[in-house]
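All chains are named by letter (A, B, ...) in the order of the sequence lines, taking the proteins before the strands, and each is independently numbered beginning at 1.
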Amino acid sequence: MEYFFIFVAIVLTQNFVLHYFLGICPFLGVSDEMEGAFGMGIATTFVMTLTAIITWNINTFILEAFNVEFLEYVTFILVIASLVQLVEMFLRKYLPELYETLGIYLPLITTNCAVLGLALFMVLREYNFLESAIFGFGAGIGFTLALVIMAGIRGELSEEDIPKPFRGTAITLLVAGLLALAFMGFSGLVPS
Amino acid sequence: MFGPVVIISASTMAGLGFLFAGLLGFAHSRLKLEENPEVKEIEDILPGLDCGACGYPGCHQLAKNVVSGDAPPDSCVPGGEEVAEQIADVLGLEISSEPGRVRIAVVHCGADNEEKKRIGDYEGVKSCRTAELTTGGNLKCEYGCLGYGDCARACPFDAIEMVDGLPRIDPDACTACGECVETCPRDIIVIEELDLKGDFVKVACNSEDEASAVREKCEVGCIACGLCVQVGPSEVYSVEDNLSRMDYSEYGEDADFDTAIEKCPTDCIVRFPSPGEASETE
């Protein structure tokens, strides 16, 4: 049950994008098309899950074992950057269209604060291995969910006659705010 | 000299660094991308502006499509003949047709600073887009050029110069990339395809107002009287939505525009420089 709560919490009540405001840049940048948004979500989920698994191991068996926890930022960034490189190579080879769609936002996963935030939260909350893995995977799913919902709304909006001064970034930020408000409705779903 | 913490930290980081470097190196060797070397070669020839005038998102995409045969070697607009020849060389192709027509940006407003009628002073940011969004500008005419030069700033080729509150397009520098068309909040600039040997003539007005309204708002606006259609060449002109428009696909090199230019009661049919002509007159 514990594991289930962690998952629900990170997907809905404590969604990285809509609750912690982490990872806003791809959330706004790649959410104009459903296909790109979903691809970005999956790529980030992959990176997040692996980051959680790898960083937990490194943190527990290397950093804590040798008493050098202050290296966590550097090592986590190293892990994340390597994983993103891996994803980038993979996409370029097997899904070149998605690679073109994501463009600059793909390497930007490296500095996506949601991914580093995930690794740091994990350490802070002293999760065990399985909890960390679920937390990482759930964070990715939550991120994908936020992106896909946003892309859906923006897809609908592109057909609408929006008042001129609101077009573009302005309406996107308003939608993001309302979405965050809507996700507030999930709070209380998980006993804290 | 170094404490144990330093040594442990350094060796930990070095170990992890080598580990990930090794993993990435291995992954790279397995996932290496085999790209057609011709694509790279053509991309090097292309100007690298990523302007999008060819219709593809960037030079890399164009290079790919040229190699696969989906795009002709002379697709690159800013590169012109020189680039087209080099590309054809790489691919062993011949460039077929003589370029007889040219695509160029045409400004459909002819009211300069003196002729513009204003309803007040505009003190805001000197940008057409801002003026249009906030107050709608201070011109009487809702269709006319606001004159703050957004198009000139948007032009990646410095082909637009603001003269007397109107954009002047340098026909030799213009590549018809369409940045100015995108930028202009009043859609005054249109990309047209003209015959290089023919006259370069345009209707310098974009107003769909009725004649009485146009007369009140502007001295050089089109009042849709239809004289140009009468004196011809009649297949070129057509009056729609209270505005005379020219169909450039219908005019050849020997079409005579002098009568229409002369007869137009508001002088809004005008000549503009064609490529080559501008540099000749200087």
Side-chain angles (χ1 to χ4, degrees), chain A residues 33 36 46-47 50-51 53-97 99-104 107 110 119 162-171, chain B residues 2-36 39 43 50 52 56-65 67-68 124-125 127-137 142 182-183 185-187:
Chain A
E33 265 179 39
F46 178 79
V47 172
L50 280 183
T51 302
I53 292 171
I54 296 174
T55 50
W56 187 87
N57 280 304
I58 290 182
N59 189 52
T60 313
F61 295 118
I62 300 178
L63 301 186
E64 280 178 4
F66 290 114
N67 249 340
V68 282
E69 284 100 339
F70 57 85
L71 286 177
E72 61 183 19
Y73 301 103
V74 187
T75 38
F76 291 176
I77 290 170
L78 178 74
V79 172
I80 295 166
S82 310
L83 283 174
V84 172
Q85 272 292 310
L86 196 68
V87 173
E88 196 174 337
M89 282 185 217
F90 180 82
L91 286 184
R92 217 166 141 181
K93 170 100 175 174
Y94 295 107
L95 297 165
E97 270 153 35
Y99 177 77
E100 299 282 338
T101 318
L102 295 180
I104 183 79
T110 317
I162 303 161
K164 265 188 179 176
F166 287 96
R167 282 181 199 172
T169 318
I171 192 79
Chain B
F2 296 120
V5 177
V6 175
I7 295 171
I8 291 175
S9 309
S11 48
T12 311
M13 285 314 293
L16 286 172
F18 275 115
L19 178 71
F20 282 106
L23 281 176
L24 278 183
F26 176 70
H28 181 66
S29 68
R30 296 297 297 272
L31 295 172
K32 210 188 322 189
L33 205 62
E34 279 150 38
E35 200 169 53
N36 192 335
V39 174
E43 204 181 342
D50 291 331
Y56 293 99
C59 292
H60 181 70
Q61 284 296 324
L62 174 65
K64 268 188 180 167
N65 281 285
V67 171
S68 66
V125 181
S127 144
C128 308
R129 193 149 276 264
T130 314
E132 176 75 6
L133 273 174
T134 50
T135 60
E142 292 146 41
E182 285 278 308
T183 306
R186 294 193 153 183
D187 300 327

Can you list the residues of residues 64-72 of chain A that sit under 4.5 Å from chain B, counting heavy atoms only? Phe66(A), Val68(A), Phe70(A), Leu71(A)
Scanning both residues in full, the closest heavy-atom pair of Leu86(A) with Ala27(B) reads CD1-CB, 3.3 Å
Distance (rounded to the nearest 0.5 Å) between Leu63(A) CG and Leu16(B) CG: 7.5 Å
Value for CG (Leu83(A)) from CG (Leu23(B)), rounded to nearest 0.5 Å, stands at 9.5 Å
Between Gln85(A) and Leu24(B) the two heavy atoms that sit nearest each other are CB-CD2, 3.7 Å
Give, as side chain, backbone, both or neither, the part of Ser9(B) having an atom under 4.5 angstrom from any heavy atom of chain A. both
Which atoms of Ile54(A) approach chain B - backbone, side chain, both or neither, heavy atom under 4.5 Å: side chain
Check whether Ile58(A) gets within reach of chain B through its side chain, its backbone, both or neither, counting any heavy atom under 4.5 Å. side chain
Quick one: closest heavy-atom pair of Glu132(B) and Lys164(A), and the distance? OE2-NZ, 3.8 Å
